[in-house]
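Every heavy atom of this structure was used, including side-chain atoms; hydrogens, water molecules and symmetry mates were not. Numbers restart at 1 for each chain; the letters A, B, ... are given by sequence-line order, proteins then strands.
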There are 2 protein chains.
Amino acid sequence: MNSLVEHIKRYISVNRKEEKVIREHLEPLSLKKKTLLLETGQICQAEYFVVKGCLRMYFIKDNGTEQITRFAIENWWMTDYMSLNDCVPSRFCIETIEDTEVLSLDREAKSSLLQEFPQMERYFRIMLQKACGASQQRERYEYGLSREERYHNFIALLPDFAQRIPQYMLASYLGFTPEYLSEIRKKMR
Amino acid sequence: MNSLVEHIKRYISVNRKEEKVIREHLEPLSLKKKTLLLETGQICQAEYFVVKGCLRMYFIKDNGTEQITRFAIENWWMTDYMSLNDCVPSRFCIETIEDTEVLSLDREAKSSLLQEFPQMERYFRIMLQKACGASQQRERYEYGLSREERYHNFIALLPDFAQRIPQYMLASYLGFTPEYLSEIRKKMR
DNA sequence: TTCATTTCTTAAACCAGCTTAAGCACTTCT
DNA sequence: AGAAGTGCTTAAGCTGGTTTAAGAAATGAA
């Protein structure tokens with residue numbers, strides 16, 4: 001819980017009372033590895049702040065395989081924005097990769113939090129601007145680099161994280177097969 | 001200018017005086033086809049709301065060709081968020097595709113607008129949530145569909161817009177060559 | 001209405017990355 | 001300890017999509 005409050009204080013000022021309001025609106029969850037927070041078909045009810053551990057977001061392709069589209073580690077928010085905003089069934093799953101602690105902020109809690117402490121509008125706006133920047137950055141990598149280059153790029157940007165997750169998840173996120181990843185790694189040796 | 005005020009009023013309430021504040025902070029620009037609003041290397045200074053016409057965002061790949069990553073039509077905002085947020089040189093260009101009218105909101109104007117009329121934090125937060133939803137949706141198409149399927153999907157989703165822009169721009173946006181687009185179209189006949 | 005430029009199409013050769021199928025090396029459970 | 005599952009690698013054959021190069025059609029300027 002403290003890590004979120006610290007995070008918010010980086011962007012807006014928060015007094016004692018406001019801090020209490022924040023704490024009251026978030027629900028801490030301790031989750032085992034491979035716990036689903038959101039499943040295809042459900043209407044996404046909350047956004048999640050990762051205190052410790054790691055989440056992945058993925059969807060099921062027509063051929064039945066999983067396609068990972070995002071990871072979230074410490075101090076990142078994750079949710080299905082379209083499902084949450086418009087109350088439509090999600091086409092994504094969100095799952096823990098490791099044992100993970102998150103803070104859950106559900107639809108009503110967010111709306112009430114924003115009413116009681118409107119400066120949070122600013123915090124979320126800034127977070128979302130960062131998220132949009134990251135999306136645009138990622139588009140550059142997706143379209144500007146070959147799959148092999150994307151792999152090397154990812155390792156260079158996030159070497160520790162690349163060690164932390166199974167290779168096949170990395171392959172899925174980067175948009176290719178585990179077999180092809182093996183070939184890339186063989187080339188490097 | 002009216003179209004933006006109308007757009008804002010869909011999400012927050014705006015009185016006479018506040019409406020005036022909004023108007024004072026935005027600069028209307030009338031631009032000819034192929035005008036650059038942002039060029040690689042510049043630090044992005046503003047975000048743009050499209051009143052009439054159409055923008056594209058693209059970057060130059062290592063092989064020298066253009067890769068389009070986004071379009072913006074009437075009632076959409078466009079900017080390079082990373083360059084704007086962090087004052088770093090942009091690696092994108094933003095250009096008009098047709099003769100276009102935009103409202104420009106530069107860094108200082110936005111900050112002053114948010115101070116004078118804090119409810120705008122809410123408007124921008126909601127816009128950004130929608131943008132994030134659209135990004136996630138698009139990721140599903142990128143990774144879940146073949147290039148040919150992506151083409152059919154795009155035509156089905158935005159038939160009018162597909163007519164409005166040159167084919168080669170559509171091919172670039174969808175991540176393939178104009179030659180391949182020609183083949184797909186031939187197949188359909 | 002003519003010329004120049006931009007956009008779109010065709011076709012053949014080519015290649016990055018996929019599929020399939022098998023074997024190996026870990027973990028984790030009983 | 002053994003069985004069962006999970007994750008990683010190898011290799012051969014295949015395919016979706018690219019490249020190159022040329023020409024046809026549309027658009028716009030003069």
Engineer: On the nucleotide D:dC8, are OP1 or OP2 found under 4.0 Å from the side-chain N or O atoms that A:Lys186 carries?
Structural biologist: no
Engineer: How long is the line joining NZ of B:Lys33 and C1' of C:dT7, in whole Å?
Structural biologist: 11 Å
Engineer: Round to a whole Å and report the spacing from OH of B:Tyr168 to C1' of C:dT5.
Structural biologist: 12 Å
Engineer: Roughly, in whole Å, what's the span from CD in B:Gln167 to P in C:dT10?
Structural biologist: 13 Å
Engineer: Starting at the 5' end of DNA chain D, which residue's closest nucleotide do you reach first, B:Asn63 or A:Arg185?
Structural biologist: A:Arg185
Engineer: Taking the minimum atom-to-atom distance to the side chain of B:Glu179, which one of D:dA21, C:dC8, D:dC8 wins?
Structural biologist: D:dA21
Engineer: How many whole angstroms separate atom CG of B:Leu174 from atom C1' of D:dG17?
Structural biologist: 14 Å
Engineer: Without decimals, in angstroms, what is the distance between A:Ile165 CD1 and D:dT6 C1'?
Structural biologist: 16 Å
Engineer: Calculate the interatomic distance between A:Tyr151 atom OH and C:dA16 atom P; express it in whole Å.
Structural biologist: 19 Å
Engineer: Rounded to the Å, how far apart are B:Leu170 CG and C:dT6 P?
Structural biologist: 21 Å
Engineer: What is the distance from CG of A:Leu181 to C1' of C:dA16, rounded to the nearest Å?
Structural biologist: 15 Å
Engineer: Side-chain N or O of A:Thr177 less than 4.0 angstrom from OP1 or OP2 on C:dC18?
Structural biologist: yes
Engineer: Does this structure show an ion pair linking B:Arg23 with B:Glu19, if we count only N-O contacts that are shorter than 4.0 Å?
Structural biologist: yes
Engineer: Tell me whether the guanidinium CZ or amine NZ of A:Arg56 lies under 6.0 angstrom from the six-membered ring centre of A:Tyr58 and within 45° of its axis.
Structural biologist: yes
Engineer: Donor-acceptor check, side chain of A:Ser90 to backbone of A:Ile43, threshold 3.5 angstrom: yes or no?
Structural biologist: no
Engineer: Do B:Glu24 and B:Lys20 meet the salt-bridge criterion of a basic N to acidic O distance under 4.0 Å?
Structural biologist: yes
Engineer: Does A:Thr96 use its side chain to pair, donor to acceptor, with the backbone of A:Lys34 at less than 3.5 Å?
Structural biologist: yes
Engineer: For B:Ser182 and for A:Glu148, locate the closest nucleotide of DNA chain C by heavy-atom distance; then report the residue assigned to the nucleotide nearer the 5' terminus.
Structural biologist: B:Ser182
Engineer: Is any side-chain N or O of B:Tyr180 closer than 4.0 Å to OP1 or OP2 of D:dT18?
Structural biologist: no
